[in-house]
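Remember, it's 1-based here, ligands and their atoms both numbered in the order they're listed. Since the structure is predicted, the reported quantities are computational estimates derived from the model, not experimental observations.
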Amino acid sequence: MTTETNRPTVGPQDRASGGLQLRGITKRFGSLVANDSIDLDIRPGEIHCLLGENGAGKSTLMNVLYGLLQPDGGQILIDGTPVHFDNPEQAMAAGIGMVHQHFMLVEVFTVAENLVLGREIGTAGLLNMKAARSRVRELSTRYNFAVDPDAVVENLPVGVQQRVEILKALANDAKYLIFDEPTAVLTPQEIDELIAVMRSLRDEGRAIVFITHKLREVREIADKITVVRRGAVVGTAEPTASEAQLAELMVGRAVSLTVEKEPAAVQDAPRLVINGVSVAGASGALVVEDLDLDVAGGEIVCIAGVQGNGQSELVEAVLGLLPVSRGSITLDGRAISNLKPKQTIDAGVGYVPEDRQHDGFVGTFTVAENLVLNSFDEPPYARGIALDLARIRSNATDRVAEFDIRTESIDTPVSSLSGGNQQKVVLARELSRPLSLLIASQPTRGVDVGAIEFLHRRLVRERDNGTAVLIVSTELDEVAALADRIAVMYRGRIVGVVGPDTSREVLGLMMAGVGLDEARTLASTATAPAKDEAPADDAALEGNRP
Ligand SMILES: Nc1ncnc2c1ncn2[C@@H]1O[C@H](COP(=O)(O)OP(=O)(O)OP(=O)(O)O)[C@@H](O)[C@H]1O
Ligand SMILES: [Mg+2]
């Protein structure tokens, strides 16, 4: 026994050869080999990270393991015995639980009803509702989840919905837990909480498979790392590997984790002007209050903030998806408040929505169709009432190549693309028409490091073309990489506008509502920075464009 590592060195993982083994798993979709003879060992007491590019085959492999897909070849063994799952119920009965990349909850049902629905606790019925309720309470207390069994799922914030998914798996006392990109939709604080939960599940002797594109998280909690590329295992890595090494193993080439960009050539007159705008949320209360912000052509302004502070509503108001109750919004001098969304789009506004599953594409439409979703009825794709199908197809072929969208063909429905590739479709569409203003919420959520590198460069190119770029992101790394100015939003207002070099500490404090000056004082007394770190230039930037 040694004590040099921060992982448990003795424990359930030492139980000889126990656990779950995948041997030679192969899964094809038509001519596409999504999993090509994959071997994977999942052991109790370990967090096993599965890394790989968008479309590498991670979710497919996990769906095979969970009985959602049938493999074309290979075998699953539990404690050395071959098993076969026709459906998730059988996988659950064998002790496997899964938290999906796209939640599988029934939104109009309560938390307890969702548990019963999964048949984790007997068959449906009143008695079982009672059992489910008390199970939710018991597990909530044990893992510090604070989930109300009677809450209706659709009313819960994303982070809590995810806990419900975890509860579903735990209600069945799953020994093997699969987390498919659980952190993509969480705030930094929720991520910390989830990581703590995964650690305690591991320490109880459960086995965890963790899929994420955030290498920082991998390095924080992985006991084992397996990397897949284009359907095959390409290697394993130690948790001590650097982010750059992991990125290279995933993508097969060196990836630049920082964005190289020239200083912004900011145009004089702002293009987007938000003046004293208030917006009411779903409950009728103001969620954006008397907010001022402008974005000039040639600059990237990032709105940083903890999710739920009015960022989404502000963006939706600019797009005409929510009414502006007070104030005005202009684009290049023209009032755009309360236009219809289609009119806003036609006015040259590009939009990458936060919830792409709901708002970004039509899943049953093909890749080619989705790539012209806003403009198929306009030149060059339409003349009169006739669509130019050849134009639509050649556009799709070009965009698929440029954005490296991994799809079997341009005629594949977008719903069968991998999560990250669905997002690339939306970005490719929005970044491929002339824009005055681009608004992107969480633009690189769920995309792999190689794609982030490309998309960040593409966003900077959009800026350099003179577009006003407004990005909403909860990822401070992304904000630091892209922003020319950072507007920190808290409770419907802008707390301050600062330069891109502002420290994480100061940004973190501002995101909690602390004003800039006080945040600086607090950050400097807390961390006692070296003298030459005096934040002189961002003081000069406050409220101004550089
Ligand atoms: N139901 C399906 N029909 C056809 N092709 C599919 C289907 N599901 C997945 N694929 C294809 O299989 C490949 C692997 O997809 P998968 O979802 O497993 O990738 P992933 O590694 O999870 O990627 P991401 O990181 O983007 O989530 C992709 O090329 C995808 O388009
Ligand atoms: Mg996936």
Side-chain angles (χ1 to χ4, degrees), residues 22 25-38 40 48-72 74 88 98-104 162 165 178-185 209-215 217-218 225-234 246-247 249-252 255 356-357 360-361 363-368 370 396 400-401 403-428 442-455:
L22 301 180
I25 297 290
T26 296
K27 177 68 194 173
R28 295 186 199 94
F29 296 107
S31 62
L32 184 131
V33 186
N35 289 163
D36 188 0
S37 194
I38 291 190
L40 196 71
H48 196 141
C49 280
L50 199 52
L51 280 186
E53 293 177 286
N54 296 128
K58 307 177 294 293
S59 296
T60 301
L61 186 68
M62 293 301 113
N63 287 337
V64 165
L65 176 54
Y66 193 55
L68 276 166
L69 292 172
Q70 295 307 311
D72 296 304
M98 180 157 178
V99 177
H100 291 272
Q101 184 165 8
H102 304 120
F103 298 159
M104 300 240 175
Q162 183 170 71
E165 287 264 7
I178 303 163
F179 288 87
D180 192 355
E181 283 191 53
T183 59
V185 292
V209 181
F210 176 38
I211 299 175
T212 180
H213 287 293
K214 300 182 196 173
L215 302 177
E217 294 168 3
V218 175
I225 301 168
T226 297
V227 183
V228 288
R229 199 189 310 150
R230 297 188 187 258
V233 172
V234 292
L246 292 175
L249 198 52
M250 271 174 72
V251 181
V255 176
R356 282 158 277 246
Q357 286 284 311
F361 54 79
T364 52
F365 285 17
T366 66
V367 170
N370 271 285
V400 163
F403 284 80
D404 192 20
I405 298 168
R406 306 278 168 91
T407 176
E408 207 184 340
S409 86
I410 60 169
D411 301 313
T412 305
V414 165
S415 59
S416 66
L417 264 53
S418 80
N421 282 295
Q422 292 178 345
Q423 305 193 31
K424 288 195 232 165
V425 169
V426 180
L427 280 147
Q442 317 295 352
T444 57
R445 177 180 278 177
V447 305
D448 67 51
V449 281
I452 289 177
E453 177 191 36
F454 169 78
L455 292 169

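- Protein atoms of type N/O/S that fall under 2.8 Å from the Mg ion (ligand 2) number 2 in this view.
- Listed for the Asp36 side chain is no donor-acceptor partner under 3.5 Å among the backbone atoms of Val233.
- A donor-acceptor pair under 3.5 Å links the side-chain atoms of Asn370 to the main chain of Phe365, judged by distance alone.
- Remark: Leu40 CG to Thr226 OG1 distance equals 5.0 Å, nearest 0.5 Å.
- Proximity of a side-chain donor or acceptor of Gln162 to a complementary backbone N or O of Pro182 within less than 3.5 Å is detected.
- At least one donor-acceptor pair closer than 3.5 Å links the side chain of Gln423 to the backbone N or O of Arg445.
- Judged by distance alone, the side chain of Asn35 and the main-chain N or O of Leu61 form a donor-acceptor pair under 3.5 Å.
- Sequence neighbours left out, not one pair with a member in residues 55-68 passes salt bridge (charged side-chain N to carboxylate O under 4.0 Å, His left out).
- Contact residues for ligand 1 (protein heavy atom closer than 4.0 angstrom to any ligand atom): Phe29, Leu32, Ala34, Glu53, Asn54, Gly55, Ala56, Gly57, Lys58, Ser59, Thr60, Gln101, Glu181, His213, Ser416, Leu417, Ser418, Gly419, Gly420.
- Side chains of Glu217 and Thr212: a donor-acceptor N/O pair is present below 3.5 angstrom, by distance only.
- By the side-chain hydrogen bond (donor to acceptor under 3.5 Å, both in side chains) test, Asn421 is found to be paired with Ser418, Lys424, residues two or more places apart in sequence or in another chain being considered.
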